[in-house]
Amino acid sequence: ENWSRTDRYRPYKEWSEEHLHSLEKKINSSHWRLGYHIQPVTGLLNDPNGFSYFDGKWQLFYQAYPMGSVHGLKSWYHLSSVNLIDWKNDGLKLIPDNSFDSHGVYSGSALPIDNQLFLAYTGNVRDSNWGRHSFQLGAWMDKNGNITKIPTPLISSPPPGYTQEIRDPQLIAYDDGYLLIVGAQTEQKQGRILTYYSKDLQNWQFLGTLGFTEEEMGFMIECPNLLFVNGKALLVFCPQGLSHEIHSYSNIYPNTYVIGQTFDFEKNELSDLTHIKNIDEGFDIYATHCFSDENGRTLAISWIGLPEISYPTDEEGWAHCLSIVKELTIEKEQLYQRPVKETAQLRKGKSYHFSGLETTIDAEINQYELQLEFDYSQKGTILLFADEQQKHGLTLSFDTIHGKMSMDRSHAGKSFAENFGTVREFSIEKKPLKLQIFVDRSVVEVFVNDGQQTATARVFPTDDQTGLYIKSDREFKGKLWHLRNMN
Ligand code: FRU
């Protein structure tokens, strides 16, 4: 769609009710709307923001542009949940309304402090020459969901040597104060993560560039998250323009992570780091947003969508979704991502069991959880979203002897983003294979070997593609549950 800048940044109140109604109508006739994934009511959804636990509920926000499936004037849309499965839509919460956020309430995080939820976010402002100005801002949300924006920025300008590409603050309770980390760009166009410290949330001291690599991390880093998981320091971030010689990836921009043995506050660095890795091996994960809840469980949720890529639902007036909620652990220096245990509450009735060398199932509706176990060394394929002829579908191929797996969406349905390839290949451990696969209408999330890897993809099948077909050179067993819609 061709949207002018004026249209994209038009204040919401200048849009007619009719516009939203006609969007809703169009969206209601979509065959790709999701059953249990968070999706925009209308328009575009991108990064998850402000994931937290507050007032006896999980709180979550996402970047929203409600007027169309383009990156327009962004706000934070609010959701809350008591079980991480069923999310209540609480509507637009933080909207652009002042000189520090006039052109978008950009990404950030949340932290419960003294009976309120503190929201840290970036205010995006464009001047008359369309030059960008970024402000790191704060707001309080009370238990009734009322927002009070803090009138002056927490951080009003980038430190010397950095550009206005500075955003996505993550606020972390640290010692008896607060650490704030933010994605940034140097004047030489190098991606960086910067850290700040404050005792009172008002006066922020610049600590410098977070040390976590000797290598260049592209021209910009977005959405950094620093977490303390199982005694280790985990850094999850999105480097843009990262050299393929430094790190191999196929998506337009990767969502990556490193694990450090420790975070040294004095030196402002992570020590003894693992090499940079992709957080997901599939096609569409970006802007993964994490926090540790009050029980010390680290939860993550990702945007399933990528910047600068058109998706087939754009024409239907909506775009993108969020992943299911994943629990992160670090076991033997390795990151594991598992669906949170609450996900089992989506199961409808009993599971259907099967075993053998080959299985064909008609799921009727592409909304299920599939668990597969390949006990021995073997090779095989799994065709999801299969049509009756098994000509179309998303193909997962594995070879546990050589430790390889691939996801091929070249024949999965309506194609898109082909410039970035239609196949993703990755290494898996050379051992018996366990897969847990969540299929939901136009998205699939694959968890490999208890979350050692994940592979996520949007898929846009035709209506007859509801089958699955599994074939291996040795016997395997599996279970399938139909999953309910989110309430
Ligand atoms: C990442 C991002 C963030 C920014 C937000 C704006 O997808 O570009 O850096 O805060 O989206 O919607």
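Everything numeric here is computed off the predicted structure, so don't read it as measured data. Every number for a ligand or one of its atoms is a count from 1 in the order of the listing.
- No donor-acceptor distance shorter than 3.5 angstrom exists from the side chain of Ser80 to the backbone of Lys57, with no hydrogens or angles considered.
- A donor-acceptor contact shorter than 3.5 Å links the side chain of Thr274 to the backbone of Ile259.
- Of the protein's heavy atoms, Gln63 OE1, 3.2 Å lies nearest to atom 6 (C) of ligand 1.
- Within the 4.0 Å heavy-atom criterion, neither part of Asn124 lies near ligand 1.
- Contact analysis puts Asp47 in contact with ligand 1, with a non-hydrogen atom separation below 4.0 angstrom.
- With ligand atoms numbered from 1 in the order given, ligand 1 contributes 5 (C), 10 (O) to contacts under 4.0 Å with heavy atoms of Ser107.
- A salt bridge links Asp101 with Lys149: at least one charged nitrogen is closer than 4.0 Å to a carboxylate oxygen.
- In terms of N/O distances under 3.5 Å, ligand 1 is approached by Arg167.
- The 12-atom threshold is not exceeded at CD of Glu245, counting heavy atoms of other residues, nucleotides or ligands nearer than 6.0 Å.
- The contact set between ligand 1 and Asn46, taken as ligand atoms under 4.0 Å from a residue heavy atom, comprises 5 (C), 6 (C), 7 (O), 11 (O), 12 (O).
- Numbered from 1 in the order shown, with element, the atoms of ligand 1 that lie under 4.0 Å from a heavy atom of Trp303 read 7 (O).
- Figure legend: cation-pi geometry between Arg409 and Phe283, with NZ or CZ positioned under 6.0 Å from the six-membered ring centre and within 45° of its axis.
- Near Tyr286, meaning under 4.0 Å from any of its heavy atoms, are these atoms of ligand 1: 1 (C), 7 (O).
- Of the protein's non-hydrogen atoms, Asp168 OD1, 2.5 Å is the one closest to atom 10 (O) of ligand 1.
- Nearest protein heavy-atom neighbour of atom 8 (O) of ligand 1: Glu222 OE2, 2.8 Å.
- Asn46 places a side-chain heavy atom less than 4.5 Å from the side chain of Trp303.
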Take Gln185 and Thr163 through the test side-chain hydrogen bond (donor to acceptor under 3.5 Å, both in side chains) and record every step on the way to the result.
CA-CA 6 Å; Gln185 178 184 65; Thr163 73; 2.8 Å; yes
